[in-house]
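Have a look at the structure below before the remarks.
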Amino acid sequence: MNILLTGGTGYIGSHTAITLHQNNHNVILYDNLTNSREETLFKIKTSLGLNLKLVIGDVLDTKTLEDTLNKYKINAVIHFAGLKSVDESITQPKKYFENNVNGTHSLIKAMKAVKVKTLIFSSSATVYGEPKYLPIDENHPKNPENPYGASKLKVENILKSLSMSDPSWKIVCLRYFNPIGSHEDVNIGDNPVGTANNLFPIILKVLKKKIKILEIFGKDYDTNDGTGIRDYIYIMDLVEGHLAALNYLKLNSGWHDVNLGTGKGYSVLEIIEKFQSVNNVIIPFKYSPRRKGDVSESYADVRKAKELLGWEARNSLDVMCKSVLKYFVLEQTSKKNVF
Ligand code: NAD
Ligand code: UD1
């Protein structure tokens with residue numbers, strides 16, 4: 001298939017591009033490079049010999065999108081492009097709605113124009129908000145605690161309505177829990193251009209001594225040790241979920257929402273302990289107040305992914321923590337300190 005990846009040079013997009021290419025799909029990346037670097041493509045080419053095609057463009061630019069869909073005879077789109085900082089979304093909500101929601105409107109318009117109706121959307125566990133019960137299944141109420149989550153939920157509702165109005169659309173909405181780690185053979189990883197907000201990019205900054213100490217946001221949550229619990233999933237498992245979704249859409253139409261997680265939650269303290277023990281490093285930390293927009297605990301009910309897509313996460317937290325350190329070491333040795 002010819003597949004367009006909006007946001008394709010970003011963290012999840014670039015990893016997905018490699019796997020899709022290796023599964024004989026023809027992959028075109030479409031990205032405005034606001035939170036990623038073209039250098040990622042050189043790294044993929046150097047390490048794997050893959051020559052991925054990038055169109056530099058904005059999803060808000062419907063005309064360029066339409067031209068790209070036409071030019072490359074695209075059959076399916078995976079829509080990764082979006083802004084993803086919960087913190088930033090609280091201070092600049094308008095920016096998040098414009099980019100994430102209007103960006104999707106523009107994509108739908110372009111896809112309609114060229115009659116491409118197969119779409120996978122990158123949504124987030126953040127749409128569920130504070131859990132009413134655990135593990136969180138796909139029917140859990142959606143009450144996002146922050147504008148980023150609200151923008152994702154709005155897009156979900158637009159896509160759901162689209163598929164109700166025209167049942168020939170084939171849409172899988174994947175709700176990612178917390179993807180971490182990197183590809184085994186390429187030194188690409190979660191390396192945002194803007195400020196890092198997520199736990200593992202910040203752990204890397206501490207290792208690189210760009211940040212003196214890791215702040216644990218909140219020690220008074222109603223969890224085993226008072227720190228926040230999340231469902232961390234290895235990036236290459238998450239990527240496989242996209243392949244499974246594409247396969248599913250070969251035979252099925254309509255709108256389908258699916259959690260991608262492991263089903264197991266770890267607290268921030270457990271993560272630090274595991275990271276230190278498997279990698280033999282020290283991560284200094286201190287407690288700080290809770291972070292705005294955070295939920296206490298979040299982990300997935302993963303049954304639907306297994307039943308519908310025949311997919312489940314396979315890699316352990318040990319593998320993920322080792323993978324994060326390996327990326328750090330590769331970055332250090334390549335002497336390209338881009339953090
Ligand atoms: P990322 O920031 O690394 O990648 C997103 C890419 O989209 C970037 O390369 C950025 O330059 C591009 N982009 C943003 N706005 C664009 C626009 N208007 N036009 C064209 N390109 C644009 O993020 P990621 O971690 O790879 O996340 C990918 C998707 O998955 C996002 O939609 C994100 O909200 C979602 N998601 C991520 C996580 C996570 O923890 N990483 C969790 C849940 C959901
Ligand atoms: C959230 C969303 C996720 C979303 C992602 C995008 C939820 C459940 N998850 O991830 O779906 O797409 O944002 O950015 O809403 N932490 C610290 N110190 C730090 C950084 C993080 O203690 O310096 C803690 C957080 O408080 C949290 C955990 O580590 O308990 C994970 O945080 P992070 O990696 O930022 O991910 P989420 O906020 O869960």
Side-chain angles (χ1 to χ4, degrees), residues 5-16 29-37 40 55-61 64-65 78-89 95-96 98-100 102-104 106-107 121-131 136 144-146 148-149 151-152 155 174-180 188-194 196-203 205-206 211 213-219 221 223 227-233 235 238 260-261 265-269 271-272 285-288 290-300:
L5 309 192
T6 72
T9 45
Y11 170 47
I12 304 172
S14 57
H15 284 80
T16 306
L29 314 184
Y30 186 96
D31 202 299
N32 66 1
L33 302 177
T34 48
N35 201 32
S36 55
R37 305 168 181 83
T40 296
V55 176
I56 298 176
D58 200 298
V59 287
L60 288 159
D61 178 354
T64 307
L65 264 179
I78 308 184
H79 184 31
F80 295 106
L83 299 172
K84 64 164 181 176
S85 161
V86 169
D87 249 12
E88 190 185 51
S89 80
K95 182 174 167 187
Y96 274 68
E98 267 171 18
N99 196 74
N100 296 356
N102 297 350
T104 308
S106 165
L107 174 66
F121 172 60
S122 298
S123 191
S124 166
T126 200
V127 300
Y128 295 116
E130 190 62 40
I136 299 173
E145 301 261 318
N146 53 67
Y148 161 68
S151 75
K152 286 287 179 191
V155 171
L174 296 174
R175 295 197 189 107
Y176 310 150
F177 279 67
N178 290 59
I180 62 168
I188 57 172
D190 193 359
N191 183 11
V193 171
N197 293 298
N198 294 110
L199 182 59
F200 280 86
I202 288 172
I203 289 178
K205 288 208 169 203
V206 173
I211 293 178
I213 191 160
L214 172 72
E215 288 182 74
I216 298 185
F217 297 133
K219 61 170 177 179
Y221 285 112
T223 59
T227 68
I229 289 181
R230 295 290 185 274
D231 183 342
Y232 297 93
I233 170 169
I235 182 74
L238 188 92
L260 292 186
Y266 290 95
S267 74
V268 181
L269 267 183
I271 291 293
I272 296 171
F285 65 86
K286 64 174 185 184
Y287 291 103
S288 294
R290 291 182 180 193
R291 186 172 65 172
K292 263 193 195 164
D294 264 356
V295 299
S296 57
E297 195 165 359
S298 166
Y299 54 92

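The basis for the numbers below is simple: all heavy atoms, side chains too, and nothing from hydrogens, waters or symmetry mates. Residue indices begin at 1 and follow the sequence shown. Every number for a ligand or one of its atoms is a count from 1 in the order of the listing. Just so it is clear, the structure is predicted and the values come from calculations on it, not from any experiment.
- Residue-ligand proximity, Asn197 to ligand 2, at heavy-atom distances under 4.0 Å covers atoms 20 (C), 35 (O).
- For atom 14 (C) of ligand 1, the candidate residues are Gly7, Ser122, Gly82; the nearest heavy-atom contact is made by Gly82.
- Residue contacts with ligand 1, taken as heavy atom pairs separated by less than 4.0 Å, involve Ser123 solely via the backbone atoms N, CA, C and O.
- Residue contacts with ligand 1, taken as heavy atom pairs separated by less than 4.0 Å, involve Tyr148 solely via side-chain atoms from C-beta onward.
- Remark: Glu145 pairs with no residue by the side chain to side chain donor-acceptor pair (under 3.5 Å) rule, at least two apart or across chains.
- For atom 13 (N) of ligand 1, the closest non-hydrogen atom of the protein is Asn32 OD1, 3.5 Å.
- Annotation for ligand 2: atoms under 4.0 Å from non-hydrogen atoms of Glu215 are 17 (C), 18 (N), 19 (C), 22 (O), 23 (O).
- Between Leu199 and Val268 there is a side-chain heavy-atom pair separated by less than 4.5 Å.
- Residue contacts with ligand 1, taken as heavy atom pairs separated by less than 4.0 Å, do not involve Asn198 at all.
- With distances taken over non-hydrogen atoms, the option nearest atom 32 (O) of ligand 2 out of Glu297, Arg291, Lys205 is Arg291.
- The aromatic rings of Phe121 and His79 sit tilted, their planes meeting at an angle between 30° and 60°.
- Each of the atoms 3 (O), 4 (O), 9 (O), 26 (O) of ligand 1 lies under 4.0 Å from some heavy atom of Gly10.
- Closest protein heavy atom to atom 10 (O) of ligand 2: Asn178 ND2, 3.6 Å.
- Every atom of ligand 1 is numbered from 1 in the order shown, and the set under 4.0 Å from a heavy atom of Thr34 is 10 (C), 11 (O), 13 (N), 14 (C).
- Less than 4.0 angstrom separates some heavy atom of Ile216 from each of these atoms of ligand 2: 22 (O).
- For atom 38 (C) of ligand 1, the choice among Thr6, Ile12, Ile56 with the nearest heavy atom turns out to be Ile12.
- Each of the following atoms of ligand 2 lies closer than 4.0 Å to a heavy atom of Ile202: 23 (O).
- With a 4.0 Å heavy-atom cut-off, ligand 1 is reached by the side chain of Lys152 but not by its N, CA, C or O.
- Under the side chain to side chain donor-acceptor pair (under 3.5 Å) criterion, Thr40 pairs with no residue at all, not counting sequence neighbours.
- The parts of Val59 lying near ligand 1 are both backbone and side chain, judged by heavy-atom distances below 4.0 Å.
- Against a heavy-atom cut-off of under 4.0 Å, Val86 is close to the following atoms of ligand 2: 13 (O).
- Within ligand 1, the atoms closer than 4.0 Å to a non-hydrogen atom of Phe177 are 42 (C), numbered from 1 in the order shown.
- Residue Leu33 approaches ligand 1 through these ligand atoms, each under 4.0 Å from one of its heavy atoms: 11 (O).
- Across all their heavy atoms, Ser124 and Tyr148 have their closest contact at CB-OH, 3.7 Å.
- The shortest non-hydrogen separation linking Gly8 to Asp31 is N-OD2, 3.4 Å.
- For ligand 2, the atoms closer than 4.0 angstrom to any heavy atom of Asp294 are 25 (C), 26 (O), 38 (O).
- Near Ser298, meaning under 4.0 Å from one of its heavy atoms, ligand 2 places the atoms 8 (C).
- Near Ser36, meaning under 4.0 Å from any of its heavy atoms, are these atoms of ligand 1: 8 (C), 9 (O), 11 (O).
- Counting the atoms of ligand 2 from 1 in the order shown, those under 4.0 Å from a heavy atom of Ala125 are 11 (O).
- Proximity of Gly57 to ligand 1 is established by a heavy-atom distance of less than 4.0 Å.
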